[in-house]
2 protein chains.
Amino acid sequence: MNSSIPDIQCPPTAGSHTAALDLAEAACRTRGASLTAIRREVLELLYRSPTGVKAYDLLAQIKEARPGASPPTIYRALDFLIEQGLAHKIGRMNLFVACRHASHQIPSLFLVCPKCSGVTELQEQSVMSALSNSLAAAGHRLESPEVEISALCPMCVGAR
Amino acid sequence: MNSSIPDIQCPPTAGSHTAALDLAEAACRTRGASLTAIRREVLELLYRSPTGVKAYDLLAQIKEARPGASPPTIYRALDFLIEQGLAHKIGRMNLFVACRHASHQIPSLFLVCPKCSGVTELQEQSVMSALSNSLAAAGHRLESPEVEISALCPMCVGAR
DNA sequence: AATACAATGTTATAACATTGCATTTCTTAT
DNA sequence: ATAAGAAATGCAATGTTATAACATTGTATT
């Protein structure tokens, strides 16, 4: 700090997400992992795409800042973010989304709209525990915190 | 029919599934669709792979009988079977499975084992109705009868 | 300086899926 | 029976998604 004059904040560009990114970075630190520049940039792009992004779209966007970026660049970043619980992959759509519930470690439901491909992350303790019990009764064990469901989103339900 | 002597049944080759295939064919007929030879063969291959099979593995198998088969051959057949509710796609694994509950139209849970990639189809009315209610409360509507879940299968749970 | 290790760069290729168009086969109305 | 139209298939090319394999860089420790 070189002055008593408070710095003007970075202009709140539509979607800077600085606070969330800083939180994510801190969370990684506490786990001994590091949210490097690339990873942070990818995560920011995810934050800006609330309904999910394709890997190669991410690649195209990242290339604007890093012309040398290649598929492994983003797939590695995505793998890291998923490992850290900061992002999820929607298998049926090959879509990646930022996790909106990073703080808690409860399994999430991902509602994938078959009309608009939008993804909504939902947490429903009651559903998940019913689910978990049924699986256990059948000898299975719920492992990953990701349950994918096709469900029309409110907008598409309305646009009948 | 040309005789009073009853035909000897086709030898019950491990996995002929003739009865199920005939049922499927009849079901298609009632819907005005037709389970052609190719589609029937693909469905039979699905029946023989209870834990799911990849599209290009199907292709390789089909090629033994039909050397000219190409990717569209199987993807078209798979699309048809899925439309008819005779098969499902497991998005996260790019895996296709025959439907084991073709008779009823209740949504199914697909348990995908992250260790062995095995797929189990499960029907749990209680879970599904809890789910359906929660979604409705959030303004969504359950659309497709396919819910994918990562869960260790009983074998892999045991093999700790 | 030498080593160790995580992250990234680079090139190539594997794996999965669709498009477009030509041809054949199956219905069905006449 | 047969022509018209629809459905299914053959086939080549291409598009999309993801990983393998190996080299390089940066940084921290010894």
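A quick note: this is a predicted structure, and the numbers were derived from the prediction, not measured. Within every chain, numbering begins at 1; the chains are lettered A, B, ... in the order of the sequence lines, protein sequences first and strands thereafter.
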I'd like to know if A:Tyr56 reaches the base of D:dA18 with its side chain such that a donor and an acceptor end up less than 3.5 angstrom apart. yes
May I ask you to decide whether B:Asp22 forms a salt bridge with B:Arg40, counting only side-chain N to carboxylate O separations under 4.0 Å? yes
Do the side chains of A:Glu44 and A:Arg48 get close enough for a salt bridge, i.e. N-O under 4.0 angstrom?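 Salt bridge between A:Glu44 and A:Arg48, a charged N being under 4.0 Å from a carboxylate O: yes.
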Nearest whole angstrom, please: distance from the [atom2] of [N] to the [atom1] of [X].
X: A:Arg40; N: C:dA7; atom1: CZ; atom2: C1'; result: 18 Å
X: B:Asp79; N: C:dC16; atom1: CG; atom2: C1'; result: 13 Å
X: A:Arg92; N: C:dA17; atom1: CZ; atom2: C1'; result: 17 Å
X: B:Ile62; N: D:dT9; atom1: CD1; atom2: C1'; result: 13 Å
X: B:Ile74; N: C:dA17; atom1: CD1; atom2: P; result: 8 Å
X: B:Leu58; N: C:dA17; atom1: CG; atom2: P; result: 11 Å
X: A:Phe80; N: D:dT19; atom1: CZ; atom2: P; result: 17 Å
X: A:Leu35; N: C:dA6; atom1: CG; atom2: P; result: 18 Å

Looking for any heavy atom pair under 4.0 Å, which part of the strands does A:Thr36 touch: base, sugar-phosphate only, or nothing? sugar-phosphate
Counting only side-chain N and O atoms of A:Asn94, is one of them less than 4.0 Å from OP1 or OP2 of D:dA18? yes
Would you indicate, yes or no, if C:dT18 has its OP1 or OP2 atom less than 4.0 angstrom from a side-chain nitrogen or oxygen of B:Tyr75?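 Looking at the OP1 and OP2 atoms of C:dT18, neither is under 4.0 Å from any side-chain N or O of B:Tyr75.
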Between A:Ser34 and B:Met93, name the one whose nearest nucleotide on DNA chain C is closer to the 5' end. A:Ser34
Under 3.5 Å, is there a donor on one side chain and an acceptor on the other for A:Ser150 and A:Arg92?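 The answer is yes; a qualifying pair exists.
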Using distance alone, with no hydrogens and no angle criterion, decide if B:Thr36 and B:Ser34 have a side-chain donor and acceptor under 3.5 Å apart. no
Can you figure out which of C:dC16, C:dA7, D:dC11 approaches the side chain of A:Arg39 most closely? C:dA7
Closest nucleotide among C:dG9, D:dA18, C:dA17 to the B:Lys89 side chain: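 My answer, after comparing the listed nucleotides, is C:dA17.
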Go nucleotide by nucleotide along DNA chain D from the 5' end; which of A:Asp57 and B:Pro67 gets its closest nucleotide reached first?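 Closest to the 5' end, via its nearest nucleotide, is B:Pro67.
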If you find the nucleotide of DNA chain D closest to B:Arg76 and the one closest to A:Lys54, which residue's nucleotide is nearer the 5' end?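 Nearest-nucleotide comparison on DNA chain D picks B:Arg76.
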Check whether the ring centres of B:His88 and B:Phe96 lie less than 6.0 Å apart, and answer yes or no. no
